[in-house]
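Worksheet for the structure shown next.
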Amino acid sequence: MTTKLYYSSPKTDQWKTNITEIIEIAHGYDVILEETAFYPSGGGQPCDLGSIDGITVLDVYMDGNEVVHRLEHLPETSNVTCILDWTRRFDHMQQHSGQHLLSAICLELFQTKTVSFHMGIEHVTIDVDQPNLTNEQLIMIEEEVNRQIYQNRNIHPYFVTNEQLLSLPLVKPPKVTENVRIVEIEGIEYNACGGTHVAKTGEIGIIKILKGERLKDTTRIHFKCGLRALQEFQATMQITNALSEKFHTGRKDILDRFGKWEEELNQLHARIANLEEQNNSYLEKELLSETEGNIIKHIFSDKSLKELQKLAAKIAAEHHVIVLFATTAENKIVLTHDGSKTLSCGAFYKEHLPAFNGKGGGSPKSAQAGFSSNEDVLRFFQFVYKEIQQEIL
Ligand SMILES: [Zn+2]
């Protein structure tokens, strides 16, 4: 069986060893080594990566008792040099050890047990069996876990016999029945775990809780440890500093300034709506004065579909006319009346739109359509006007 250097010598990141078995698979090779420091995926921890004689390791997994390394092609000799991606491994060790400590403190402070653990590239989370942990409680947990980091407690991994196991106050029963590996954080907890961990809590660096999220009967705690936490802080500071500069104020006053800015924006929106309404009244008068008959038509170059619909509905309701509006800003056409006309706008659109490359539809009282070019909009506009005029006459 392969010697598992990730247990016997957890800081090994480069070693020479022999290939003992090669299995050919569809798109590469599965290789077994005499000794390996490549940790296979398992227990919520992703696998290690790196290279074997310069060939990239694509995956590492357990097959029975064997650690299997997947390679795209084979090395030239069976005696190989292995190099572990130590940055990735150390990150996993920090997140995983941090998780042990965080789970232990959640249990100690608020008697809430960890029911699941997830470690991804972006997110690291635990779910604890209390659905309503408050922000104050999360802050207490965060402060306590970091205090335990400063204590720099030893983290011991060791294998125990079944008899020794009985005497240990484990957090939860182990998943395996033989060769149980205990990870003891001195003075904190005994946990059955097969993962890789740092040697002292100080190496976790920092545990930062990002947020708590209620999920059915649990709280999902999002957190980052070590370098990940530092990088999170760097990214957050970049945003905070940029906002600080934009608002010409210190970090503490940003929210205040933002509140005022939001208020100003709302006032501006209200003013614009007011002016638009005034403008529409003038527009309505002008359109009515230049219209003969029952159809009011106009091509706008600056209005949105929403504005067209609003204005068209208003004019149709007040003056009992058919309104035909187009906007070249969005290549849209609206046709509306107040229900007093026999014309079915939706059916008319449905029948004629395909010939003009238009898409749309609507109800008997109102229809809208969009076109891919200005040209099609103008063509359809002229066509509708002509058709309706004839229908009314
Ligand atoms: Zn562990």
Side-chain angles (χ1 to χ4, degrees), residues 1-13 15 17 20 32-50 59-69 82 84-86 88-108 113-119 124 126-127 145 148-149 152-204 207 225-226:
M1 210 195 338
T2 312
T3 304
K4 291 164 180 158
L5 295 173
Y6 50 82
Y7 286 157
S8 57
S9 166
K11 295 220 159 147
T12 294
D13 62 351
W15 68 106
T17 190
T20 54
I32 294 171
L33 303 172
E34 207 168 287
E35 297 169 295
T36 190
F38 288 112
Y39 179 77
S41 42
Q45 187 175 327
C47 71
D48 287 336
L49 294 175
D59 192 15
V60 186
Y61 63 95
M62 278 311 267
D63 185 6
N65 275 327
E66 288 298 357
V67 183
V68 182
H69 312 75
C82 303
L84 192 76
D85 177 349
W86 182 253
R88 177 181 165 94
R89 155 68 85 74
F90 189 64
D91 170 58
H92 292 167
M93 282 159 64
Q94 283 189 317
Q95 310 312 316
H96 191 149
S97 308
Q99 178 262 314
H100 277 252
L101 194 54
L102 182 61
S103 290
I105 298 305
C106 284
L107 187 64
E108 187 188 308
K113 281 186 181 165
T114 297
V115 289
S116 76
F117 164 48
H118 169 77
M119 189 203 299
V124 189
I126 54 169
D127 294 348
V145 285
Q148 293 301 337
I149 288 174
N152 207 18
R153 292 177 183 275
N154 285 319
I155 303 179
H156 285 308
Y158 48 84
F159 287 93
V160 290
T161 62
N162 286 356
E163 273 153 37
Q164 288 170 314
L165 190 63
L166 291 175
S167 65
L168 293 177
L170 287 193
V171 186
K172 59 180 177 191
K175 286 179 188 157
V176 290
T177 49
E178 272 177 16
N179 268 335
V180 177
R181 185 167 176 268
I182 298 298
V183 176
E184 176 188 349
I185 305 179
E186 220 170 51
I188 300 278
E189 70 162 10
Y190 298 87
N191 211 328
C193 180
T196 55
H197 309 81
V198 292
K200 281 170 171 279
T201 58
E203 287 181 75
I204 298 169
I207 298 178
C225 304

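Just so we're clear, the structure is a prediction, and the values are computed from it rather than from any experiment.
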Side chains of [X] and [Y]: does their closest heavy-atom pair fall under 4.5 Å?
{"X": "Thr17", "Y": "Thr36", "value": "no"}
{"X": "Val67", "Y": "Tyr6", "value": "yes"}
{"X": "His100", "Y": "His197", "value": "yes"}
{"X": "Leu107", "Y": "Lys113", "value": "yes"}
{"X": "Lys200", "Y": "Arg153", "value": "no"}
{"X": "Arg181", "Y": "Asn179", "value": "no"}
{"X": "Ile155", "Y": "Thr201", "value": "yes"}
{"X": "Tyr190", "Y": "Pro169", "value": "yes"}

If I compare all heavy atoms of [X] with all of [Y], which pair ends up nearest, and what's the gap?
{"X": "Tyr39", "Y": "Gly42", "answer": "OH-O, 3.4 Å"}
{"X": "Asn152", "Y": "Gly202", "answer": "OD1-N, 2.9 Å"}
{"X": "Val145", "Y": "Leu101", "answer": "O-CD2, 3.7 Å"}
{"X": "Ser41", "Y": "Cys47", "answer": "N-CB, 3.3 Å"}
{"X": "Pro174", "Y": "Ala192", "answer": "CB-CB, 3.6 Å"}
{"X": "Arg89", "Y": "Ala37", "answer": "NH2-O, 2.7 Å"}

Which of Ile185, Leu102, Ile204, Ile188 passes side chain to side chain contact (heavy atoms under 4.5 Å, CB included) with Gln148? Answer is Ile188
Out of curiosity, [X] [atom1] to [Y] [atom2], how far, rounded to the nearest 0.5 Å?
{"X": "Asn191", "Y": "Leu168", "atom1": "CG", "atom2": "CG", "answer": "11.0 Å"}
{"X": "Leu49", "Y": "Trp86", "atom1": "CG", "atom2": "CH2", "answer": "14.0 Å"}
{"X": "Ile207", "Y": "Gln99", "atom1": "CD1", "atom2": "CD", "answer": "9.5 Å"}
{"X": "Glu35", "Y": "Ser9", "atom1": "CD", "atom2": "OG", "answer": "9.5 Å"}
{"X": "Glu66", "Y": "Leu33", "atom1": "CD", "atom2": "CG", "answer": "10.0 Å"}
{"X": "Leu5", "Y": "Thr12", "atom1": "CG", "atom2": "OG1", "answer": "5.5 Å"}

Before giving the answer on side-chain contact (heavy atoms from CB on, under 4.5 Å), spell out for Gln45 and Thr196 the whole-Å C-alpha distance, their side-chain angles and the decisive distance to 0.1 Å. CA-CA 8 Å; Gln45 187 175 327; Thr196 55; 2.6 Å; yes
Do the side chain of Gln94 and the main chain of Glu203 share a donor and acceptor less than 3.5 angstrom apart?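 Yes; judged by distance alone, with no hydrogens or angles, the pair exists.
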How are the rings of His156 and Tyr158 set to each other: parallel, tilted or perpendicular (split at 30° and 60°)? tilted
Below 30° counts as parallel, above 60° as perpendicular, anything between as tilted: where do the rings of Phe117 and His96 land? tilted
Might you work through the side-chain contact (heavy atoms from CB on, under 4.5 Å) test for Val180 and Gln164, ending with a clear yes or no? CA-CA 10 Å; Val180 177; Gln164 288 170 314; over 6 Å; no
Give the intermediate values and the outcome of side-chain contact (heavy atoms from CB on, under 4.5 Å) for residues Ile182 and Leu170. CA-CA 9 Å; Ile182 298 298; Leu170 287 193; 3.7 Å; yes
